[in-house]
Amino acid sequence: MGLKLNRLAFVCSLIVFLTISAVSHAGVTSSYTRVAEPSEEMPLETFPPPPGYNAPEQVHITQGDHNGRGMIISWVTPVNDDGSNVVTYWIADSDASTNQTAEASTDSYRYFDYNSAFLHHATIKGLKYDTKYFYELGTGRSTRRFYFTTPPEVGPDVPYTFGVIGDLGQTFASNQTLYNYMSNPKGQAVLFAGDLSYADDHPNHDQRKWDAYGRFVEACAAFQPWIWAAGNHEIDYAPSIGETEAFKPYKKRYHVPYKASKSTSPLWYSIKRASAYIIVLSSYSAFDKYTPQNSWLEDELKKVNREETPWLIVMVHSPWYNSNNYHYMEGESMRVTFEPWFVQNKVDIVFAGHVHAYERSERVSNINYNITDGLSSPVKDPSAPIYITIGDGGNIEGIANDYTYPQPSYSAYREASFGHALLEIKNRTHALYTWHRNGDKESVISDSLWVKNRYFLPEVETSMV
Ligand SMILES: *[C@@H]1O[C@H](CO)[C@@H](O)[C@H](O)[C@H]1NC(C)=O
Ligand SMILES: *[C@@H]1O[C@H](CO)[C@@H](O)[C@H](O)[C@H]1NC(C)=O
Ligand SMILES: *[C@@H]1O[C@H](CO)[C@@H](O)[C@H](O)[C@H]1NC(C)=O
Ligand SMILES: *[C@@H]1O[C@H](CO)[C@@H](O)[C@H](O)[C@H]1NC(C)=O
Ligand SMILES: [Fe+2]
């Protein structure tokens with residue numbers, strides 16, 4: 001009902017926009033709010049360790065090289081026993097002679113009064129494209145078996161579907177987001193826009209919450225790669241309890257293939273997957289001119305060959321175009337630094353998290369200004385990315401439902417509900433983007449758009465809201 005009214009309001013405002021002047025805007029603020037109260041945290045006991053002596057747990061995988069023929073397999077064991085760091089893998093439907101093994105590097109860490117279990121990360125390489133593999137963890141008394149499918153070989157018209165999730169946490173709402181995503185068989189890999197466990201919202205950054213999160217997302221992340229970006233909840237900087245190494249738990253637990261893109265930090269890196277080139281940035285690392293992240297990004301953008309990977313997608317935690325009072329303008333200094341490059345390089349989409357609500361921008365830029373000319377408001381720009389805020393995974397901090405009014409012209413659609421998105425790349429020109437709000441029983445598509453590629457089809461899209 002509310003949605004229908006909104007559609008009507010949208011059509012009306014479009015007509016007004018077309019007939020009167022450019023001052024009007026066509027942005028939609030959905031009146032739908034799922035729940036205003038923060039969702040309850042799933043208790044630690046919800047996620048007991050798997051049964052069996054020293055059973056591998058908290059299994060997750062991510063791409064392990066630049067092109068998609070490698071996988072990083074990560075798991076945890078309570079004891080560092082013989083064979084607990086070994087992964088055996090084979091192509092589905094092949095005979096045992098094809099079985100290969102790899103040894104993980106094993107590490108552990110201390111945080112305040114917590115000692116982690118043993119964290120294993122194995123990188124397997126030289127996999128066949130577009131192939132289903134099984135893998136088995138541990139050669140000891142308790143083994144566990146999982147599987148994944150490698151992506152097709154990189155190429156301009158390779159269809160591929162990414163799920164997009166941010167700020168997930170581990171509440172009952174987070175669970176709904178995760179299972180809604182998993183109930184749809186389309187998603188092949190997840191772009192995760194930062195803020196994983198929210199352990200830091202608990203006393204002394206209760207590190208058991210990192211373990212619980214690992215067990216929670218295993219249901220999905222053991223079977224398809226999650227491409228991680230770091231958010232502010234990964235910083236875990238707490239000098240009052242003697243913890244001064246930023247990002248320690250995150251870096252120990254979640255490995256990414258940053259060296260494959262010549263990055264010097266796991267907080268920023270890139271991968272190619274199917275027809276997409278994904279660049280991950282860090283809102284919480286230095287990015288001004290002369291800093292490592294800045295120099296890396298400058299070189300990185302030159303490497304992108306749109307004839308090979310037409311879809312240029314960026315992930316960063318703190319949004320640049322956000323019309324919510326929550327975290328308003330926190331991404332501004334990074335926007336000022338990098339936005340001209342994104343426009344020059346015709347980035348297709350920027351996914352961000354941080355704000356616990358959903359928002360999609362128009363294609364706008366705000367780069368034609370300097371400190372004296374007074375030109376500093378966003379203008380429609382067909383070379384600009386679409387900015388999507390998807391920090392609506394459903395974490396313990398609750399929904400961000402305090403928008404700025406009037407809705408700024410850069411904001412196309414905004415809604416204070418939890419959910420996730422799918423980006424279905426069809427070919428070099430078209431991708432179907434849908435945002436799925438969490439409903440009572442099923443996830444409802446509440447925003448969608450045929451995204452047109454900036455390099456091959458730089459027409460401005462018409463919203464389907
Ligand atoms: C090796 O390969 C076969 C498939 O032919 C499989 O059944 C077997 O369990 C594999 N794994 C291990 C750990 O030996
Ligand atoms: C999470 O969601 C799934 C699917 O709806 C459900 O089976 C499971 O019980 C939920 N877990 C919790 C702790 O609510
Ligand atoms: C800023 O813009 C004004 C007006 O276009 C121009 O006169 C001035 O030279 C610009 N300043 C810089 C530093 O580019
Ligand atoms: C690309 O995909 C879109 C959407 O499915 C389709 O309409 C279009 O014809 C496709 N282009 C080519 C060249 O196949
Ligand atoms: Fe955040």
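Counting starts at 1 for both ligands and their atoms, following the listed order.
- Partner of Y410 under the ring-ring contact (aromatic ring centres under 6.0 Å, His included) criterion, out of Y321, Y387, W320: Y321 alone.
- Per-residue contacts place W450 under 4.0 angstrom from the following atoms of ligand 4 (heavy atoms of the residue considered): 4 (C), 5 (O).
- Looking at ligand 4, you'll find an N or O of N427 within less than 3.5 Å of one of its N or O atoms.
- Between W210 and Y250, the ring planes are tilted. Angles from 30° to 60° get that label.
- Near M42, meaning under 4.0 Å from one of its heavy atoms, ligand 2 places the atoms 13 (C).
- Within the 4.0 Å cut-off (strictly below), no protein heavy atom is located near atom 7 (O) of ligand 4.
- The part of R145 lying near ligand 1 is the side chain, judged by heavy-atom distances below 4.0 Å.
- Proximity of atom 11 (N) of ligand 4 to the protein is indicated by at least one non-hydrogen atom lying closer than 4.0 angstrom.
- Atom CG of D93 sits in a sparse spot, with 12 or fewer heavy atoms from other residues, nucleotides or ligands closer than 6.0 Å.
- Checking I349, N345, V350, I313 one by one against P385, the side-chain contact (heavy atoms from CB on, under 4.5 Å) holds for a single residue, V350.
- Proximity to N175 (heavy-atom distance under 4.0 Å) selects the following atoms of ligand 2: 1 (C), 2 (O), 3 (C), 8 (C), 10 (C), 11 (N), 12 (C), 14 (O).
- The distance from ligand 2 to the heavy atoms of T46 drops below 4.0 Å at these ligand atoms: 13 (C).
- Of the options F148, W75, F223, Y147, a ring-ring contact (aromatic ring centres under 6.0 Å, His included) to Y135 is made by F148 and by none of the others.
- When each atom of ligand 1 is checked for a heavy atom of D95 under 4.0 Å away, the hits are 5 (O).
- The nearest heavy-atom contact from the protein to atom 13 (C) of ligand 1 is E136 OE2, 3.4 Å.
- In terms of N/O distances under 3.5 Å, ligand 1 is approached by N99.
- Using cut-offs of 30° and 60° for the angle between ring planes, the Y133 and Y89 rings count as tilted.
- The neighbour count for K303 NZ, taken as heavy atoms of other residues, nucleotides or ligands under 6.0 Å away, is above 12.
- When all heavy atoms of C220 and L178 are compared, the closest pair comes out as CB-CD1, 4.0 Å.
- There is a protein heavy atom less than 4.0 angstrom from atom 3 (C) of ligand 4.
- Close approach to F172 involves these atoms of ligand 2, each under 4.0 Å from a residue heavy atom: 13 (C), 14 (O).
- The protein non-hydrogen atom at the shortest distance from atom 5 (O) of ligand 1 is S94 O, 2.8 Å.
- Centroid-to-centroid, the aromatic rings of F146 and F134 stay 6.0 Å apart or farther.
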